[in-house]
Amino acid sequence: LGLSWLFTQDKTSFTTLGACVTVGLFFIIVYVGYYCQFNGGKEAWYNTLTVRQTRYEAVQTLPEDMEYLKACVAALSEHTGLATDDDGVDETMADGQDSGEA
């Protein structure tokens, strides 16, 4: 932290700055303790970590989920008889020309 360095200098300004930083850190630690104990900080922190864990697990299982979804879509397409992207593509449609009559 370098806080002890402020107290080892022979200048009063560094010692004063070190005292102010020490008092500030003390109040921050007391506030965090109060927040966690009496203001619902434990629950808020737990909920935040739970959401992050859920998101992490979702990202980790994404490749397997995508393969499963691709298989389901392929099975549904086969069952319903839908044409795949490669099947039934008209040459004139691929060139950007309309094959239908107006």
> Mind checking what makes side-chain hydrogen bond (donor to acceptor under 3.5 Å, both in side chains) contact with Thr16, not counting sequence neighbours?
Replying inline: none
Show the atom names and distances, to 0.1 Å, of all donor-acceptor pairs under 3.5 Å that link a side chain in residues 28-44 to residues at least two apart or in another chain.
none

> Which residues satisfy the ring pair (Phe, Tyr, Trp, His ring centres under 6.0 Å) test with Phe7, sequence neighbours excluded?
Replying inline: none
List the atom pairs, with distances to 0.1 Å, where a side-chain N or O of residues 57-66 and a protein N or O form a donor-acceptor pair under 3.5 Å, not counting sequence neighbours.
unit_1: Glu57; atom_1: OE2; unit_2: Gln53; atom_2: NE2; d: 2.9
unit_1: Thr61; atom_1: OG1; unit_2: Glu57; atom_2: O; d: 3.1
unit_1: Thr61; atom_1: OG1; unit_2: Ala58; atom_2: O; d: 3.4
unit_1: Thr61; atom_1: OG1; unit_2: Asp65; atom_2: OD2; d: 3.4

> Under the ring-ring contact (aromatic ring centres under 6.0 Å, His included) rule, what pairs show up with a residue in residues 40-71, not counting sequence neighbours?
Replying inline: none
>> Please enumerate all residues that pass side-chain contact (heavy atoms from CB on, under 4.5 Å) together with Val21, with sequence neighbours excluded.
In response: Leu3, Leu17, Leu25
